[in-house]
Amino acid sequence: MPTIPHTDIYALTDSGQCLGRSTVEVARAMMRAGLKILQYREKRKAKGEMLAECLELRRLTREAGCCFIVNDHVDLALACEADGVHVGQEDLPLPVVRGLVGPDKIIGISTHNMDEARAAVAGGADYIGAGAMFPTNTKKDIVLSGPAYLREVSAWCPVPVVAIGGINRRTLPEIIAAGARCCAMVTAITLAEDIPAEVASLRALMAAEFATTAS
């Protein structure tokens, strides 16, 4: 069964919040930071431009030993030989996605409650996203689930859980206390002037919070 790496930060792209840098430039900095998961998530670009970026990010992530996931677009994930695809509740059903990508690619799905989490696991998801934890400006029409859902799903879920939505330096302590072990982050990373330094700082904060919850 394919799965995402066991790691603390699940990074995502957002070309609209990169301090004027390109998605590829930001991805290079993420690779220098040693991140182990990168999701390509762009909502406002032409398909041809997205494919070109995905091909370059696939090259960068492969060289860095980083898992590369494409959001929503199964065709792009296949075209660039990504490690997997992440879908939402309103995208193609999991069995259809599995039929398209085959048995060896990772499939993740966003969930907002325990019913969706159970359905995702039963449907063969390799990991689930749990959230949104908090309001976020990187996505419209979000469904807020909050730390209470994260606490419940983390205690039950047999596949990896990624906390998603509004996670940053300020909200990390509450999320980790609720059971998060892998956190999706966008602007907490993409808006940093020095991305490797910021990732190192975030990881130090997370390690301290993990130690606190374990004691």
Participant: Any Lys/Arg nitrogen of Arg62 or Asp83 sitting under 4.0 Å from an Asp/Glu carboxylate oxygen of the other?
Facilitator: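 Looking at Asp83 together with Arg62, the answer is no, because their closest N to O distance does not fall below 4.0 Å.
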
Participant: Please report the shortest heavy-atom distance between Leu55 and Ala79, naming the atom on each side.
Facilitator: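 Looking at all heavy atoms of both residues, the closest pair is CD2-O, 4.0 Å.
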
Participant: Measuring only between side-chain heavy atoms, which start at C-beta, is Asn168 closer than 4.5 Å to Thr171?
Facilitator: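 The answer is yes, as the side chains (C-beta and beyond) meet within the 4.5 Å cut-off.
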
Participant: Test: ring-ring contact (aromatic ring centres under 6.0 Å, His included). Region: residues 148-180. Which pairs qualify, not counting sequence neighbours?
Facilitator: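 For residues 148-180, and leaving out neighbouring residues, there are no ring-ring contact (aromatic ring centres under 6.0 Å, His included) pairs at all.
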
Participant: So, using side-chain contact (heavy atoms from CB on, under 4.5 Å) as the criterion, who are the partners of Lys43 when residues are at least two apart?
Facilitator: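 Only Arg41, Asn71, Asp72 meet the side-chain contact (heavy atoms from CB on, under 4.5 Å) criterion with Lys43.
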
Participant: Would you mind reporting whether Glu193 and Glu198 have side-chain heavy atoms less than 4.5 Å apart?
Facilitator: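 Not touching, per the 4.5 Å side-chain cut-off.
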
Participant: Could you list who else is in Leu191's hydrophobic cluster, with ILVMFWY side chains joined at under 4.5 Å, directly or through other members?
Facilitator: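 Direct or chained contacts put Leu191 with Leu19.
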
Participant: Less than 4.5 Å apart, any side-chain heavy atom of Leu92 and any of Val87?
Facilitator: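 When only atoms from C-beta onward are counted, Val87 and Leu92 do not touch, as no gap falls below 4.5 Å.
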
Participant: Quick one: pull up OG1 in Thr23 and CE in Met50 and give me the separation to the nearest 0.5 Å.
Facilitator: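 So the OG1 of Thr23 and the CE of Met50 are separated by 10.0 Å.
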
Participant: As a quick check of understanding, evaluate side-chain contact (heavy atoms from CB on, under 4.5 Å) for Val199 and Ile9, giving each step before the final call.
Facilitator: CA-CA 9 Å; Val199 169; Ile9 295 176; 4.3 Å; yes

Participant: Got a second to check how far Leu38's CG is from Cys67's SG, nearest 0.5 Å?
Facilitator: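 Output value for this atom pair is 9.0 Å.
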
Participant: Given 3.5 Å as the limit, does a donor-acceptor pair link the side chain of Thr61 with the main chain of Leu57, or not?
Facilitator: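 Between the backbone of Leu57 and the side chain of Thr61 there is a qualifying donor-acceptor contact (under 3.5 Å).
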
Participant: Look up atom CD1 in Ile109 and atom OG1 in Thr111, then write down how far apart they are to the nearest 0.5 Å.
Facilitator: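 Interatomic distance, Ile109 CD1 to Thr111 OG1, rounded to 0.5 Å: 8.0 Å.
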
Participant: If only atom types and distance count, is the side chain of Gln89 paired as donor or acceptor with the main-chain N or O of Ser110 below 3.5 Å?
Facilitator: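 Yes: the side chain of Gln89 pairs with the backbone of Ser110.
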
Participant: Side chain of Ser22, backbone of Glu25: donor and acceptor closer than 3.5 Å?
Facilitator: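 Yes, because the side chain of Ser22 sits within donor-acceptor range (under 3.5 Å) of the backbone of Glu25.
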
Participant: With sequence neighbours left out, which residue pairs that include part of residues 161-185 fulfil the ring-ring contact (aromatic ring centres under 6.0 Å, His included) condition?
Facilitator: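 Matches after skipping sequence neighbours: none remain.
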
Participant: To the closest 0.5 Å, what do you measure between CZ (Arg59) and SG (Cys80)?
Facilitator: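 One finds 13.0 Å between CZ of Arg59 and SG of Cys80.
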
Participant: Which pair of heavy atoms, one from Gly166 and one from Phe134, lies closest together, and at what distance?
Facilitator: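 Smallest interatomic distance, heavy atoms only, reads O-CD1, 3.6 Å.
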
Participant: Less than 3.5 Å apart, which donor and acceptor atoms pair up between the side chains of residues 116-125 and the rest of the protein, not counting sequence neighbours?
Facilitator:
unit_1 : atom_1 : unit_2 : atom_2 : d
Glu116 : OE1    : His112 : N      : 2.7
Glu116 : OE1    : His112 : ND1    : 2.8

Participant: In this structure, would Leu202 and Val162 fall into the same cluster of hydrophobic residues linked by side-chain contacts under 4.5 Å?
Facilitator: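 No, Leu202 and Val162 fall in different hydrophobic clusters.
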
Participant: Test of understanding: with salt bridge (Lys or Arg N to Asp or Glu O under 4.0 Å), list the residues that count as partners of Glu42, not counting sequence neighbours.
Facilitator: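 Glu42 satisfies salt bridge (Lys or Arg N to Asp or Glu O under 4.0 Å) with no other residue.
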
Participant: Does the side chain of Met206 reach to within under 4.5 Å of the side chain of Ile176, using non-hydrogen atoms?
Facilitator: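 Side chain of Met206 against side chain of Ile176, heavy atoms only: contact under 4.5 Å found.
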
Participant: Out of Ile164, Ile167, Ile69, which one pairs with Tyr10 under the side-chain contact (heavy atoms from CB on, under 4.5 Å) rule?
Facilitator: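 Checked Ile164, Ile167, Ile69 against Tyr10; only one passes side-chain contact (heavy atoms from CB on, under 4.5 Å): Ile69.
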
Participant: Counting heavy atoms not belonging to Glu63, are there more than 12 under 6.0 Å from its CD?
Facilitator: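 Enclosed: over 12 neighbouring heavy atoms sit under 6.0 Å from CD of Glu63.
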
Participant: Please find the pair of heavy atoms, one from Ser15 and one from Cys18, that lie closest to each other, and give the distance.
Facilitator: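 Taking every non-hydrogen atom into account, CA-SG, 3.9 Å.
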
Participant: Report yes if the side chains of Val101 and Ile107 come closer than 4.5 Å at any heavy-atom pair, otherwise no.
Facilitator: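 Heavy-atom side-chain distance check passes, below 4.5 Å.
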
Participant: Rest of the hydrophobic cluster containing Val143 (Ile/Leu/Val/Met/Phe/Trp/Tyr, side-chain heavy atoms under 4.5 Å)?
Facilitator: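 Taking Ile, Leu, Val, Met, Phe, Trp and Tyr as members, Val143 stands alone, with no cluster partners.
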
Participant: Start with the C-alpha gap between Ser145 and Leu150, add the side-chain angles, then the distance that decides, and say whether side-chain contact (heavy atoms from CB on, under 4.5 Å) holds.
Facilitator: CA-CA 8 Å; Ser145 302; Leu150 178 63; over 6 Å; no

Participant: For Arg28, what residues pass the side-chain contact (heavy atoms from CB on, under 4.5 Å) criterion, not counting sequence neighbours?
Facilitator: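 Here the qualifying residues are Val24, Arg32, Glu56, Leu60.
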
Participant: Please test Ile195 against Arg21 for side-chain contact (heavy atoms from CB on, under 4.5 Å), starting from the C-alpha separation and ending with a verdict.
Facilitator: CA-CA 12 Å; Ile195 288 175; Arg21 298 166 295 192; 4.0 Å; yes

Participant: Establish whether Ile4 and Phe210 are linked, either directly or via other cluster members, by ILVMFWY side-chain heavy-atom contacts under 4.5 Å.
Facilitator: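 Hydrophobic grouping puts Ile4 apart from Phe210.
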
Participant: Sequence neighbours left out, what passes side-chain contact (heavy atoms from CB on, under 4.5 Å) with Asp14? Give chain and number order.
Facilitator: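 Here the qualifying residues are Gln17, Arg44, Thr138, Val186.
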
Participant: Please say yes or no: joined through hydrophobic side-chain contacts below 4.5 Å, possibly via intermediate residues, are Ile106 and Leu100 part of one cluster?
Facilitator: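 No.
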
Participant: Check salt bridge (Lys or Arg N to Asp or Glu O under 4.0 Å) between Asp75 and all other residues, then give those that pass, not counting sequence neighbours.
Facilitator: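 By the salt bridge (Lys or Arg N to Asp or Glu O under 4.0 Å) rule, Asp75 matches Lys47.
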
Participant: Strictly by ring-ring contact (aromatic ring centres under 6.0 Å, His included), give each pair with a member in residues 68-94 just once, sequence neighbours left out.
Facilitator: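 Qualifying pairs: His86-Tyr127.
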
Participant: Is there a path of hydrophobic side-chain contacts, each under 4.5 Å between heavy atoms, that joins Ile128 and Leu94?
Facilitator: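 Yes; Leu94 is reachable from Ile128 via cluster members.
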
Participant: Using side-chain heavy atoms (C-beta onward) and a distance below 4.5 Å, is Met185 in contact with Leu12?
Facilitator: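 Answer no - side chains too far apart.
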
Participant: Do Pro5 and Ile37 come within less than 4.5 Å of each other through their side chains, counting heavy atoms only?
Facilitator: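 A side-chain contact exists here, since the closest heavy-atom pair is under 4.5 Å.
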
Participant: How close do Pro147 and Ala178 get, heavy atom to heavy atom, and via which atoms?
Facilitator: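 So the two residues come closest at O-CB, 3.7 Å.
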
Participant: Examine distances only and state if a side-chain atom of Arg151 and a backbone atom of Gly179 form a donor-acceptor pair shorter than 3.5 Å.
Facilitator: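 A pair under 3.5 Å: no.
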
Participant: Please report the closest heavy-atom contact between Ala132 and Gly165, naming both atoms and the distance.
Facilitator: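 Ala132 and Gly165 have their closest heavy atoms at CB-CA, 4.0 Å.
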
Participant: Check which hydrophobic residues are tied to Ile142 through side-chain heavy-atom contacts below 4.5 Å, counting indirect links as well, and list them.
Facilitator: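 Taking Ile, Leu, Val, Met, Phe, Trp and Tyr as members, Ile142 shares its hydrophobic cluster with Leu144.
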
Participant: Please report the shortest heavy-atom distance between Lys36 and Ala64, naming the atom on each side.
Facilitator: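 Taking every non-hydrogen atom into account, NZ-O, 3.9 Å.
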
Participant: Could you walk me through whether Arg203 and Asp8 satisfy the salt bridge (charged side-chain N to carboxylate O under 4.0 Å, His left out) test, starting with their C-alpha distance in whole Å, then the side-chain angles of each, then the deciding distance to 0.1 Å, before giving a yes or no?
Facilitator: CA-CA 8 Å; Arg203 282 184 154 158; Asp8 49 359; 3.0 Å; yes

Participant: Thr13 and Gln39: side-chain contact (heavy atoms from CB on, under 4.5 Å), yes or no, with the steps?
Facilitator: CA-CA 6 Å; Thr13 69; Gln39 182 187 125; over 6 Å; no

Participant: Under a 3.5 Å distance rule, please check whether Arg98 uses its side chain to pair with a backbone N or O of Lys105 as donor and acceptor.
Facilitator: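 Side chain of Arg98 to backbone of Lys105: a pair is present.
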
